[in-house]
Amino acid sequence: MRRFFSAPGLTVFFTYTLFISSTFTIAGQDASIVFLYLLGIYSLIRQRKWPDMSHPLLWMFLLFTAISLVSGIFNQYEVDTLMNLRNNWRFVFPFVLLTAMYQVDEKNLLKTYYGFWLFIALYGIVQFFTGVDWFRPEESSLSTPYMGTGDGFGIFHAKGNFTHHLTFGGSMLLCSSLAASFVFLKGLDWKIRSLMFFAVGLLWMSALASLGRSIWIGLMVSLIILLVRISPKLMLALTFLVGISAIYLFVGFESGNLKTAKPETRLEMVQHRLASGFSMKSNQDRLLMWKSAWQGIQDHFWLGIGFGKDAEVMEAYRKKITDETGHRFNNSASAGVHNIFLQTWLNYGIFGFVSFLGIWIVFFQQLIQGLKKTVRFDYGNCILWGAIAGIGGFLTAGFFENNFRDGEVQTAALLLISLALFELKKQSSPLFSKK
């Protein structure tokens, strides 16, 4: 018991609670991160040494945070500067976890993590068919139907225990990419590999059940990236087929061949959701949101409009577009512009946008360099490929959504980054040197 309440024991405990709670509760994950921060500070004070600040990715996160604060201080609008930290305060925890991960059994941690994700995936699939929201009181249910026939038969957006289907889908996209990478881990017994195929299929089905079209695109990109390590030719063939299919669906939907006047089955409802992604009319709302964002960027090029100012500033741009086109937006201006890159530039200006891109440029550069030191399909190779595929698919989906600012999705992305950084750290650590 005494050992459990020691700093190392508590570090292991809160590392596990972070990974576990990230699958279903933002309160639990954020509390775990706070305790890990406090334990890290305690450890530094006790050891009387400065933290390691040498990692370039850490500096990119800090640079982005600093620029967002500067944007708020000098902005023409009254911005609560400290509120900018609300979406950035988690950025340091991957580097805190670098120390914590030395104290845990990494493989057991991942098994526990995916055990919870598989339960949530099953729950998401049940939600897709029934719309249940078991973990909230009936009066607080967030069940979200997509389409129905009017007699109680229909489909729902899967969202797990989260509040939005894109939050659930984004988190599932990230975790399923790493799981898919491990399917090819060398040395696995065929029974274990078969179970892993089944588990990955379950995670993918749950992500698809979110009915987030951006999530579907991200999953496709993630799969294409993972196919590169198997066969670049196979990857190119799949990319070609996806491109041809997209053109066919776009032409077919616009010509009316694929339109379903009144979908009667769940398959037809899903087909309707897929086909709507290839209709200019169905995507007009998002395209005009991007147009309003670009107009806002042109007027606030250097510093942006500031964090949390979309509702106040962007309504005028939307009104102008409505007057010109007659289109009425489906969401309020506070919902953002459904593109994380435009959103970042709009809120933080050109320097915030460039530093945001810099985070991912440094991330991919570090991991690609690290891949050269791994053996094809070994454990480290699977971690790095899974992180590249997950973040690659996630950023692609980000062209159509803002969910990197959702605490749950941001944590899922940072956990994936943490595992990749720890793998890179092991490559230079004598504790993990190959015998």
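Below, each value reflects all heavy atoms present in this structure, side chains not excepted, and no hydrogens, waters or symmetry copies.
Checked against the 6.0 Å centroid criterion, the rings of Phe399 and Phe341 qualify as a close aromatic pair. The aromatic ring centroids of Phe24 and Phe119 lie 6.0 Å or more from each other.
For Lys320, the NZ atom is loosely surrounded, since the number of other residues' heavy atoms within 6.0 Å does not exceed 12. No more than 12 heavy atoms of other residues, nucleotides or ligands shown are found within 6.0 angstrom of CZ on Phe35.
Listed by first and then second residue, the salt bridge (charged side-chain N to carboxylate O under 4.0 Å, His left out) pairs that reach into residues 300-310 are Lys309-Glu312, sequence neighbours excluded. Pairs passing the ring pair (Phe, Tyr, Trp, His ring centres under 6.0 Å) check and including a residue from residues 198-245, sequence neighbours excluded, do not occur. Judged as a salt bridge (charged side-chain N to carboxylate O under 4.0 Å, His left out), not a single pair has a partner in residues 329-349 (not counting sequence neighbours). Among pairs with a residue in residues 127-138, those fulfilling salt bridge (charged side-chain N to carboxylate O under 4.0 Å, His left out) read Asp133-Arg136, at least two apart in sequence or across chains.
Between Trp89 and Tyr37, the ring planes lie perpendicular to each other; the angle is over 60°, past the 30° to 60° tilted range. Under the 30°/60° scheme for interplanar angles, the aromatic rings of Phe162 and Trp117 are found to stand perpendicular.
Checked against salt bridge (Lys or Arg N to Asp or Glu O under 4.0 Å), Glu315 has no partners two or more places apart in sequence or in another chain. Considering only residues two or more places apart in sequence or on other chains, Arg405 meets the salt bridge (Lys or Arg N to Asp or Glu O under 4.0 Å) condition with none of them. For the salt bridge (Lys or Arg N to Asp or Glu O under 4.0 Å) test, residues two or more places apart in sequence or in another chain that qualify with Glu423 are Lys426. Checked against side chain to side chain contact (heavy atoms under 4.5 Å, CB included), Lys319 has the following partners two or more places apart in sequence or in another chain: Asp323. Judged as a salt bridge (Lys or Arg N to Asp or Glu O under 4.0 Å), and not counting sequence neighbours, Asp189 has no contacts.
In this structure the side chain of Ile321 reaches within 4.5 angstrom of the side chain of Phe329, judged on heavy atoms. Between Asp299 and Val313, the closest side-chain pair of non-hydrogen atoms is not below 4.5 Å.
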For residues 348-367, run the donor-acceptor check on the side chains, cut-off 3.5 Å, and write out each pair with its distance to 0.1 Å, sequence neighbours left out.
| from | atom 1 | to | atom 2 | distance (Å) |
| --- | --- | --- | --- | --- |
| Ser355 | OG | Phe351 | O | 3.0 |
| Ser355 | OG | Gly352 | O | 2.9 |

Identify all side-chain donor-acceptor contacts of residues 62-69 below 3.5 Å with residues at least two apart in sequence or on another chain.
| from | atom 1 | to | atom 2 | distance (Å) |
| --- | --- | --- | --- | --- |
| Thr65 | OG1 | Phe61 | O | 2.9 |
| Ser68 | OG | Thr65 | O | 2.6 |
| Ser68 | OG | Asn88 | ND2 | 3.3 |

For residues 166-183, dump all side-chain donor-acceptor pairs below 3.5 Å to protein atoms at least two apart in sequence or in another chain.
| from | atom 1 | to | atom 2 | distance (Å) |
| --- | --- | --- | --- | --- |
| Thr167 | OG1 | Asp406 | OD2 | 2.8 |
| Ser171 | OG | Thr167 | O | 3.0 |
| Ser176 | OG | Met172 | O | 2.8 |
| Ser176 | OG | Leu173 | O | 3.2 |
| Ser177 | OG | Leu173 | O | 2.8 |
| Ser177 | OG | Ser222 | OG | 2.7 |
| Ser181 | OG | Arg229 | NH1 | 3.0 |
| Ser181 | OG | Cys382 | O | 2.6 |
| Ser181 | OG | Gly386 | N | 3.4 |

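No side-chain N or O of Gln103 forms a donor-acceptor pair with one of Thr11 less than 3.5 Å apart.
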